[in-house]
Amino acid sequence: MPELPEVETTRRGIAPLIEGRSVSAVVIRESRLRWPVPGTLPKRLARRKLRKVERRAKYLLLRFTHGTLILHLGMSGSLRVLPPNTPPSKHDHIDLVFGDRCLRLRDPRRFGAVLWTEEDPLQHPLLRSLGPEPLSSDFHGEHLYRLSRGRRIAVKSFLMDGHVVVGVGNIYANEALFQAGIHPARACGRISRKRYDRLAEAVKEILRSAIDQGGTTLQDFRQADGNPGYFARELKVYGREGQPCPHCGNSIHQRTIGQRSSYYCPRCQR
DNA sequence: AAATTCTCCTGAAGGC
DNA sequence: TGCCTTCAGGAGAATT
């Protein structure tokens, strides 16, 4: 499931292969994604040059000279660059053809999105009110501390709220809280400044390390070259219910917090 | 404003 | 072997 490291891995994989190239064709095989894919896309993109592939939160921004294609991979989306005329398989919904190479969006669960804007994409309603990038200097313990005062939700839900900080999904929230020694269900407003410093550092460290490993592949995710991501083998608690805590040896617990499966060591995390 | 619940979808896993 | 049920999950929308 693409979180920030998977999206960034994808960006790095596709950018050098398609930046600076012009669109020769757009194929929409399935337009029923999270929102209908605009049918005007082929016309709007024809012969247009892709300047840059950027990322904001979990959105990929394909910046053309006259507008931006905003992509979200949802739960199960992935992008590959393939030779043109590669036969599509099931769930290969969209192709952007750039002459001798084809950017193909595959998304079995269709929670992803493809949007077009000719305005500043950062001012798009979906992106406008997002929190800071976790790997930027705008994200730190003080930020988490300030935003959490007076609030009662579980720190894990707080950390996964895109208005607080972007890109931290379920897997990395679990891992960061383990590394910081914070219990995922603890009320976010009752955590000290010092512990938030530690949490912010843990988030940065884990995301950086996951990006280095090419992301986490559990089922669907693939890097742009088709290889899986290798961070799964570094997961300390996620999906490890009943297994020993790598720190103290107690067994990892699992419970649902904010409708999301949460894994933690009740002894190391308070 | 903040918190919670609902919703979209498919494939995997489990039960019988 | 096969059919049915349950579940996971990003995040916007709707509701409380």
Side-chain angles (χ1 to χ4, degrees), chain A residues 1-11 29-37 55-60 70-79 88-94 105-115 117 121 123-134 144 146-176 184-191 203 207 210 215-222 228-229 231-232 235 237-242 254-263:
Chain A
M1 41 225 75
E3 300 184 29
L4 187 145
E6 290 73 36
V7 179
E8 178 61 18
T9 295
T10 298
R11 190 194 68 76
R29 288 182 209 87
E30 173 59 82
S31 59
R32 293 172 304 167
L33 300 188
R34 175 150 201 186
W35 295 284
V37 177
R55 180 188 59 74
R56 169 71 174 118
K58 297 176 189 170
Y59 293 94
L60 284 169
I70 302 175
L71 302 181
H72 196 289
L73 300 178
M75 265 281 306
S76 58
S78 59
L79 289 167
S89 41
K90 200 177 176 186
H91 308 307
D92 285 346
H93 305 316
I94 313 273
L105 172 69
R106 173 184 167 83
D107 185 4
R109 295 185 190 178
R110 295 198 273 119
F111 283 7
V114 177
L115 306 162
T117 179
Q123 295 307 313
H124 188 281
L126 293 173
L127 282 76
R128 192 166 38 202
S129 57
L130 293 174
E133 286 290 323
L144 291 175
R146 189 161 20 87
L147 280 190
S148 61
R149 290 311 89 182
R151 298 183 60 181
R152 298 171 194 183
I153 53 165
V155 60
K156 178 160 176 274
S157 304
F158 175 70
L159 194 59
M160 291 175 66
D161 179 348
H163 301 100
V164 173
V165 59
V166 300
V168 185
N170 197 35
I171 295 174
Y172 299 114
N174 278 299
E175 295 296 312
R186 174 170 289 272
C188 67
R190 304 190 57 180
I191 293 174
V203 166
L207 293 181
T216 301
T217 294
L218 294 180
Q219 317 134 16
D220 303 296
F221 176 71
R222 284 292 180 278
F231 194 71
L235 297 175
V237 290
Y238 184 84
R240 296 191 176 278
E241 182 183 13
Q254 189 275 336
R255 67 178 263 207
T256 299
I257 298 169
Q259 344 303 113
R260 288 293 174 266
S261 198
S262 305
Y263 302 87

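In what follows, every chain begins at residue 1, and chains take the letters A, B, ... in the order their sequences are listed.
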Asker: NA contact type, A/Tyr59, heavy-atom cut-off 4.0 Å: base, sugar-phosphate, or nothing?
Answerer: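 If one applies the 4.0 Å heavy-atom cut-off, A/Tyr59 turns out to touch the sugar-phosphate alone, with no base involved.
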Asker: Could you state the atom-to-atom distance from CG of A/Leu60 to C1' of C/dG10 in whole Å?
Answerer: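 These atoms are roughly 14 Å apart.
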Asker: Using whole Å, what does the distance between atom P of nucleotide C/dC7 and atom CD of A/Gln254 come to?
Answerer: 12 Å
Asker: Can you identify which nucleotide, out of C/dG10, B/dT4, B/dT10, has its nearest atom closest to the A/Ile153 side chain?
Answerer: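 That would be B/dT4.
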Asker: At under 4.0 Å, does any side-chain N or O of A/Gln259 touch on OP1 or OP2 of C/dG9?
Answerer: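 For A/Gln259, the contact criterion (side-chain N or O under 4.0 Å from OP1 or OP2 of C/dG9) is not met.
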Asker: Assign each of A/Cys188 and A/Lys90 to its nearest nucleotide of DNA chain B by heavy atoms, then name whichever residue's nucleotide is nearer the 5' end.
Answerer: A/Cys188
Asker: Donor-acceptor pair, distance only, cut-off 3.5 Å: does the side chain of A/Arg240 make one with the backbone of A/Leu235?
Answerer: yes
Asker: So, taking the atom named CG in A/Leu33 and the one named CG in A/Leu71, what distance separates them when rounded to the nearest 0.5 Å?
Answerer: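 Atom-to-atom, A/Leu33:CG and A/Leu71:CG are 10.0 Å apart.
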Asker: Let me know the distance between CD of A/Glu241 and C1' of C/dC7, rounded to the nearest Å.
Answerer: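 The distance from CD of A/Glu241 to C1' of C/dC7 comes to 14 Å, rounded to the nearest Å.
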Asker: If only side-chain N and O atoms of A/Arg34 are considered, is one of them under 4.0 Å from the OP1 or OP2 phosphate oxygen of B/dT7?
Answerer: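 The answer is no; no side-chain N or O of A/Arg34 sits under 4.0 Å from OP1 or OP2.
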Asker: Across the strands shown, which category fits A/Ser261 at heavy-atom distances under 4.0 angstrom: base, sugar-phosphate, nothing?
Answerer: sugar-phosphate
Asker: Without decimals, in angstroms, what is the distance between A/Glu3 CD and C/dG9 P?
Answerer: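 It is 10 Å, rounded to the nearest whole Å.
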Asker: Tell me if the CZ atom of A/Arg149 is crowded by more than 12 foreign heavy atoms within 6.0 Å.
Answerer: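 Above 12, so yes.
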Asker: Between C/dG12 atom P and A/Lys58 atom NZ, what is the distance in whole Å?
Answerer: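 Going from A/Lys58 (NZ) to C/dG12 (P), I get 10 Å.
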Asker: Under a 3.5 Å distance rule, please check whether A/Glu30 uses its side chain to pair with a backbone N or O of A/Ile94 as donor and acceptor.
Answerer: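 No; zero donor-acceptor contacts below 3.5 Å.
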Asker: Go through C/dG10, C/dG9, B/dT10 for me and flag the one nearest to the A/Tyr238 side chain.
Answerer: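 Of the candidates, C/dG9 comes closest.
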Asker: Starting at atom NZ of A/Lys156, determine the distance to atom P of B/dA3, rounded to an integer number of angstrom.
Answerer: 16 Å
Asker: Do the side chains of A/Lys58 and A/Leu73 get nearer than 4.5 Å, heavy atoms only?
Answerer: no
Asker: What is the distance from CH2 of A/Trp35 to P of B/dT7, rounded to the nearest Å?
Answerer: 17 Å
Asker: Using only side-chain N and O atoms of A/His72, determine if any of them is under 4.0 Å from OP1 or OP2 of C/dA11.
Answerer: yes
Asker: Which comes earlier along DNA chain B counting from the 5' end, the contact point of A/Arg151 or that of A/His91, where each point is its nearest nucleotide?
Answerer: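 Its nearest nucleotide lies further toward 5', so the answer is A/Arg151.
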Asker: Around A/Arg29, counting heavy atoms of other residues, nucleotides and ligands shown, do more than 12 lie under 6.0 Å from its CZ?
Answerer: yes
Asker: Using the aromatic ring of A/Phe111 (for Trp, its six-membered ring), decide whether it stacks on the base of C/dG10 within the limits of 5.5 Å and 30°.
Answerer: yes
Asker: Does the base of C/dG10 carry an N or O that pairs as donor and acceptor with the side chain of A/Arg109 under 3.5 Å?
Answerer: no
Asker: With sugar-phosphate meaning primed atoms plus P, OP1 and OP2, does A/Arg110 contact a base, only sugar-phosphate, or nothing at under 4.0 Å between heavy atoms?
Answerer: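 Counting heavy atoms under 4.0 Å across all strands, the contact made by A/Arg110 is with sugar-phosphate only.
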Asker: Looking for any heavy atom pair under 4.0 Å, which part of the strands does A/Arg152 touch: base, sugar-phosphate only, or nothing?
Answerer: sugar-phosphate
Asker: For the pair made of CD1 in A/Ile171 and C1' in C/dG9, what is the distance, rounded to whole Å?
Answerer: 10 Å
